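Report on the structure given below.
Residue numbers start from 1 in every chain, and the chains themselves are labelled A, B, ... in the order their sequence lines are given, proteins ahead of strands. Given the structure is predicted, the values throughout are model-derived calculations rather than measurements.
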There are 2 protein chains.
Amino acid sequence: MIFPKEVEIIEVGPRDGLQNESVFVPTKMKKELVRKLSKMGVRRIETASFVHPKAVPQMADAVELATFSNELGIDYIALTPNMRALARAIDCNVPQIAVFVGATETFNQRNIRSSIADSLGECTLVFKKAKACNMKIRAYVSMGFSCPYEGTVAYEQVARVVRHFVNIGADEISIGDTNGKANPRIVYERFSRMKHDFPETQFIAHFHDTNQFAYANVLAALQAGITKFDSSIAGLGGCPFSPGATGNVSTEGLVKLFHEMNIETGMDEKAMMDAANFAKGLLQQLTSS
Amino acid sequence: MIFPKEVEIIEVGPRDGLQNESVFVPTKMKKELVRKLSKMGVRRIETASFVHPKAVPQMADAVELATFSNELGIDYIALTPNMRALARAIDCNVPQIAVFVGATETFNQRNIRSSIADSLGECTLVFKKAKACNMKIRAYVSMGFSCPYEGTVAYEQVARVVRHFVNIGADEISIGDTNGKANPRIVYERFSRMKHDFPETQFIAHFHDTNQFAYANVLAALQAGITKFDSSIAGLGGCPFSPGATGNVSTEGLVKLFHEMNIETGMDEKAMMDAANFAKGLLQQLTSS
């Protein structure tokens, strides 16, 4: 087995996590969460979404969070799946944007009422403009292994989305087990093939712990040469559009796994637990009030 | 990565599992559990312990369970860590016995008030007599990776117990992460080295899911060439109803993992879930009464 010396963990709790929680988290609390996360040694944090507030009210405070992230001086990511969202992100001097497209037609239609082709077309425009503004670009492929509507997702379904992202210049591509149904074999085989077919591309593994296989999937991804992982503090979030799917893999669980395997993450465990406890307390407080 | 075509799962719920539950399970219910387990396609079940009833009252009905297991015609394992226990097992025509020794002096002393050397000495006598009676012999090494009293357990501490077991003729050796602190790296490295140093020996991996790393550890053991795994139906032995429960990896979780990876277990999922639900209901009933 291959064990890398170090990995990068990308914290997605404030955006991917909170967006998928049923309670609304006040901006002040989100800022405090981001502030705590910025102290734990993570290199990048997904802090905001510029998706229209009508579509995702939870993320209506994108400008405030981006401004706050700028003030903190952190490297952060904001979701900008279309040109309108991108325009707002540009106004906020966001350093890295993210877009997402589903690997299956059914999911993409249900998630954002758009065909994969149309979504990728919009991404082409977004990438062009973002590049002109010197923004870094992250691209998510949702349902990268399995889909709640279509079942097992074939390699080629994912590859065609990846191919488009690569061709239009994504800096990195995060393959999501959005449905939480992946197993170590498909993870190993899929990432190995991805890296073979797209040797210049930076891939990230994004796991959900629905079946408690997330850590085994992480190990399988490591064996395929993946060294970048998305995770969410306290396991915040899931995916409301994916029935039965709960839970991003937690940052603290992932860090514990890596540290016990003597793999460096650059994370400070004490600061991380402080952020995790804050995130848990925040949800408890909001749920009970 | 290496994915074997098939694995063997050894069900340890009725003995290792129930022994570690706080509630006393009546013999009639244990028999029903064993009967259900015998239908799920598992090749071997650990059903009884001949440890003195004063030491482990939960297992006082060993004779009845062994007799019942004989009637069912199943291949089963019974714990016989000393000559008195073995004598009772011989009277019951037990096909396979099991002994256990801790890898650390402190644990062995606290667990059975005996030094490792004395325990191994007793095992030598037990093995000799059991072999004369054509019994198969399983040997457990407890705390095979980490110890609650001594911390990380060195390879040589485990190897010296294994070496003794091999020399006196164990048919198989189960290395237990009794403390639930193993990680995929130590699992891979330890089992790889064990298989190198004891090439003729049949090793079994016995994981606890304390840190939620059990499935990752299973994957690591698979990569080291281990194809036999102990597990416990419904995770018995870890009180599945209390939050933060720690205990044996569950049979149904392990089977789900393997089946989703297209690795054969010979297990019938429907019969297995029937047994798992029975086990859960049994504990719920006994806990609430």
Side-chain angles (χ1 to χ4, degrees), chain A residues 1-5 7 145-146 151-152 177 179-193 195 205 207-226 229 231 235 247 249-265 280, chain B residues 1-5 7 145-146 151-152 177 179-193 195 205 207 209-226 229 231 235 238 240 243-245 249-250 252-264:
Chain A
M1 290 187 103
I2 306 152
F3 302 112
K5 198 176 168 299
V7 294
F145 301 92
S146 173
T152 303
D177 178 25
N179 197 28
K181 298 277 189 193
N183 67 66
R185 184 178 215 137
I186 193 172
V187 167
Y188 176 73
E189 291 173 352
R190 185 143 300 180
F191 275 118
S192 296
R193 198 169 161 192
K195 284 182 70 83
F207 293 120
H208 283 205
D209 202 22
T210 316
N211 283 340
Q212 284 80 55
F213 295 166
Y215 300 126
N217 289 339
V218 166
L219 187 64
L222 274 185
Q223 301 315 301
I226 301 298
F229 297 87
S231 67
V249 67
S250 77
T251 302
E252 58 275 27
L254 206 51
V255 167
K256 183 182 175 67
L257 177 74
F258 287 133
H259 284 189
E260 296 204 353
M261 292 173 73
N262 289 325
I263 296 171
E264 287 171 27
T265 65
K280 285 177 198 164
Chain B
M1 292 187 101
I2 306 153
F3 301 112
K5 198 177 167 299
V7 293
F145 302 92
S146 173
T152 303
D177 178 26
N179 197 29
K181 298 276 189 193
N183 67 66
R185 182 177 216 139
I186 194 173
V187 167
Y188 176 73
E189 290 173 352
R190 185 143 300 182
F191 275 118
S192 296
R193 197 168 161 192
K195 284 182 71 82
F207 293 120
D209 202 21
T210 316
N211 284 340
Q212 284 79 54
F213 295 166
Y215 300 125
N217 289 339
V218 165
L219 188 64
L222 274 185
Q223 301 315 301
I226 301 298
F229 297 88
S231 67
V249 65
S250 78
E252 57 274 26
L254 206 51
V255 166
K256 184 182 175 68
L257 177 74
F258 288 133
H259 284 189
E260 296 204 352
M261 292 173 74
N262 288 326
I263 296 171
E264 288 172 26

>> Assess the residue pair Asp209(A) and Gln212(B) against the criterion (side-chain contact (heavy atoms from CB on, under 4.5 Å)); give the C-alpha distance rounded to whole Å, side-chain angles, the decisive distance to 0.1 Å, and a yes or no.
In response: CA-CA 10 Å; Asp209(A) 202 22; Gln212(B) 284 79 54; 5.7 Å; no

>> Distance check, rounded to the nearest 0.5 Å: Met1(A) atom CE versus Ile2(B) atom CD1?
In response: 9.0 Å

> Would you call Leu219(A) and Gln223(B) a side-chain contact if the rule is heavy atoms closer than 4.5 Å?
Replying inline: no

> How far apart are the closest heavy atoms of Phe3(B) and Pro184(A), and which atoms are they?
Replying inline: CZ-O, 4.3 Å

> Which residues pass the side chain to side chain contact (heavy atoms under 4.5 Å, CB included) test with Ala182(A), sequence neighbours left out?
Replying inline: Phe145(A), Asp177(A), Ile186(A), Val187(A), Asn217(A)

>> Among residues at least two apart in sequence or on other chains, which ones pass salt bridge (charged side-chain N to carboxylate O under 4.0 Å, His left out) with Glu260(A)?
In response: Lys256(A)

>> Counting only non-hydrogen atoms closer than 4.5 Å, does Ala214(B) touch chain A with its backbone (N, CA, C, O), its side chain (CB onward), both, or neither?
In response: neither

> Side chain, backbone, both or neither: which part of Ala220(A) has a non-hydrogen atom closer than 4.5 Å to chain B?
Replying inline: both

